[in-house]
Amino acid sequence: MIKILAKEYCQAVAFLCKKLDSEVAQYDLFLSKSRQSAIDFLKNSIGCQAIIMIGDVGDNSTLFADTFNLAMFYDKFAERNVTDFCKLTHMELPAQHAMDKLCMAPESFNHYAPTYCNQCTCYGEYKKTHVYMLADDERECSVVYDTYLYNDLLKNNLGATRYVYKVFGLSKKSVNERLVKLGKYVSHKCETINLDTKIVLTFPPKCAKSIVNETLNRLKELFGDSIYASDDQSPAKTVVDLLSQIGKTVSVAESITGGMIASSIVDVAGASNVLYEGVVTYSIPSKCERLGLNPHFVDQFGVVSQQVAQEMAFGLLKNGTDIAVATTGYAGPVADEGMPVGLCYIAVATAKGVSVYRNIFSGDRNAIRAQATNMALYLIVKTIAK
């Protein structure tokens, strides 16, 4: 595990996180301007693979030394490199008190020569944990990463075997609790956005095929039907691919999602082969006129109800599609009396019948709509698989 400490989310932090994500490296990012919380974070991080501190190198060197009661020394190598950098770039040489801070390092630590700024990266090892203090400069961070960090921390990933799975409908906490049960032979990482989770498994080089197969089978046992793809693709891409394979079409009647389902499908190449129709029946009159919904039916059950969602899907199915999907719900900020914000009914109809799914999504208005959209797409996938 790599621990990253910074006062704020800056370009250097963004660059580093992107690089680590590309390598599927496990890391924790901690942002805090509190000195005490930073000290607590450092103390709790000793024993991990590496600590990377991004910001003012002099301040972070002092912080690390103070945290672990380490002596500080003045590094003449750093002084020479800062001086050379300033001459080369015609930058004014820092005042002596500033130079003192730039060139100080904890005992047994050293500096790398700078390339794009007047701060030398400070590095060392403390109790078998690699420690790096990087300047808040994206270009400098890039050089240090490519020249040192990758070789020091990530070169063992060369030859590693990776598998990607997509899982739907579980919280990130639930996913991680299950991934822990896969055992020690595989590292894992997950990212969850609007109920859609990408799981990346990384096996070490030359890992026995039997272990890989056992682990993958265990994953499928742990997640079951929640797995909808064995590569990194969206629910919409999965819908388009599956419908294309079987030569079927889908239509959507959207209220709460306001066209997001159709838009997600259209974003995928090949959508024209599978999307028959998309309508946004946002008002009650629209639902009645476009889908043949009886207004008295709405009065009886409420516009957000299982019955209305079912009739919306049936009305759409009559227009000549293979699968019809309808959504109705409350995105907020308020809902009808006695109804929770986030309540949503999604109906999926085929010639064989209709299924209606009741959900309560959480978050702000757009988060609820995004979750409803992904859920509708996932339900299309499950309907095709039946």
Side-chain angles (χ1 to χ4, degrees), residues 166-169 193-197 225-283 286-293 303-329 331 344-359 361 368-386:
K166 295 299 292 292
V167 170
F168 192 82
I193 301 176
N194 294 321
L195 303 177
D196 187 34
T197 299
D225 291 341
S226 297
I227 299 174
Y228 71 85
S230 57
D231 54 10
D232 187 8
Q233 63 181 43
S234 66
K237 178 68 164 57
T238 306
V239 166
V240 172
D241 287 350
L242 291 176
L243 287 173
S244 297
Q245 290 170 16
I246 61 176
K248 301 291 186 180
T249 61
V250 64
S251 294
V252 292
E254 304 184 58
S255 183
I256 182 175
T257 47
M260 291 176 69
I261 301 172
S263 178
S264 296
I265 294 174
V266 171
D267 283 341
V268 180
S272 59
N273 297 322
V274 302
L275 181 60
Y276 182 82
E277 180 183 20
V279 293
V280 179
T281 52
Y282 205 69
S283 66
S286 175
K287 291 178 175 66
C288 296
E289 294 171 12
R290 294 283 294 159
L291 303 173
L293 195 64
V303 68
V304 178
S305 63
Q306 174 182 338
Q307 293 82 359
V308 165
Q310 177 176 295
E311 292 304 308
M312 288 172 65
F314 275 143
L316 193 62
L317 193 64
K318 295 175 183 177
N319 292 338
T321 189
D322 298 303
I323 301 174
V325 180
T327 65
T328 181
C344 176
Y345 289 93
I346 302 174
V348 183
T350 67
K352 296 180 180 180
V354 61
S355 298
V356 182
Y357 304 85
R358 181 180 186 273
N359 304 271
F361 301 115
I368 289 170
R369 295 175 62 230
Q371 291 168 50
T373 296
N374 278 347
M375 178 61 78
L377 292 166
Y378 173 71
L379 292 174
I380 297 172
V381 172
K382 302 312 292 182
T383 299
I384 297 170
K386 288 182 179 179

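As a basis for the values below, the full set of heavy atoms in this structure was taken, side chains included, without hydrogen atoms, waters or symmetry mates.
More than 12 heavy atoms of other residues, nucleotides or ligands lie within 6.0 Å of NZ in Lys382, so this atom counts as buried by the packing criterion. Within a 6.0 Å radius of CG in Asp225, other residues, nucleotides and ligands contribute 12 heavy atoms or fewer.
A heavy-atom distance below 4.5 Å is not found between the side chains of Cys344 and Ile368. Proximity of Val250 to Val325: side-chain heavy atoms (C-beta onward) are separated by under 4.5 Å at one or more points. Counting heavy atoms from C-beta on, the side chains of Met375 and Leu195 come closer than 4.5 Å. Taking the side chain as every heavy atom from C-beta outward, Glu289 and Ser283 never approach each other to under 4.5 Å. For the pair Val239 and Val268, the minimum side-chain heavy-atom distance is 4.5 Å or more. When side chains are defined from C-beta on, Leu377 counts as touching Ser264, because their heavy atoms get closer than 4.5 Å. When side chains are defined from C-beta on, Val348 does not count as touching Val354, because their heavy atoms never get closer than 4.5 Å. Looking at Leu243 and Thr249, their side chains never come closer than 4.5 Å, going by heavy atoms from C-beta outward.
Taken from CG in Asp267 to CE in Met260, the straight-line distance is 10.5 Å, to the nearest 0.5 Å. Atom CG of Asp196 and atom OG1 of Thr373 lie 12.0 Å apart (nearest 0.5 Å). Taking CD1 from Ile384 and OG1 from Thr238, the interatomic distance works out to 9.5 Å, rounded to the nearest 0.5 Å. Annotation: the span from Thr350 atom OG1 to Ile380 atom CD1 amounts to 12.0 Å, rounded to 0.5 Å.
Lys248 contributes no side-chain N or O that, together with a main-chain N or O of Ile323, makes up a donor-acceptor pair within less than 3.5 Å. Of the possible polar contacts, none joining the Arg358 side chain to the Tyr345 backbone as a donor-acceptor pair under 3.5 Å is found. Side-chain atoms of Gln371 do not come within 3.5 Å of backbone N or O of Phe361 as any donor-acceptor pair. Under the 3.5 Å distance criterion, the side-chain polar atoms of Arg369 are matched with a main-chain donor or acceptor of Ile256. Between the side chain of Gln306 and the main chain of Val356, no donor-acceptor pair closer than 3.5 Å is present. One N or O on the side chain of Lys287 and one on the backbone of Thr281 form a donor-acceptor pair closer than 3.5 Å. The main-chain N or O of Asn194 is found under 3.5 Å from a side-chain atom of Asn374 such that the two form a donor-acceptor pair. The closest donor-acceptor contact from the side chain of Glu254 to the backbone of Ala262 lies under 3.5 Å. When atom types are taken as modelled, the side chain of Thr328 and the backbone of Val303 share a donor-acceptor pair closer than 3.5 angstrom. Between the Ser305 side chain and the Val308 main chain, a donor and an acceptor come within less than 3.5 Å of each other.
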side-chain hydrogen bond (donor to acceptor under 3.5 Å, both in side chains) between Ser244 and Asn273, worked out: CA-CA 7 Å; Ser244 297; Asn273 297 322; 5.2 Å; no
Verdict with supporting geometry, Ser255 and Thr327, side-chain hydrogen bond (donor to acceptor under 3.5 Å, both in side chains): CA-CA 6 Å; Ser255 183; Thr327 65; over 6 Å; no
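Side-chain contact of Ser251 with Thr321: a donor-acceptor pair under 3.5 Å is present, judged by distance alone.
Residues passing the side chain to side chain contact (heavy atoms under 4.5 Å, CB included) test with Ser234 are Ala236, Lys237, sequence neighbours excluded.
Relative ring orientation between Tyr378 and Tyr228 is described as perpendicular, the plane-to-plane angle rising above 60° on a 0-90° scale split at 30° and 60°.
Remark: Arg290 engages Glu277 in a salt bridge, criterion side-chain N to carboxylate O under 4.0 Å.
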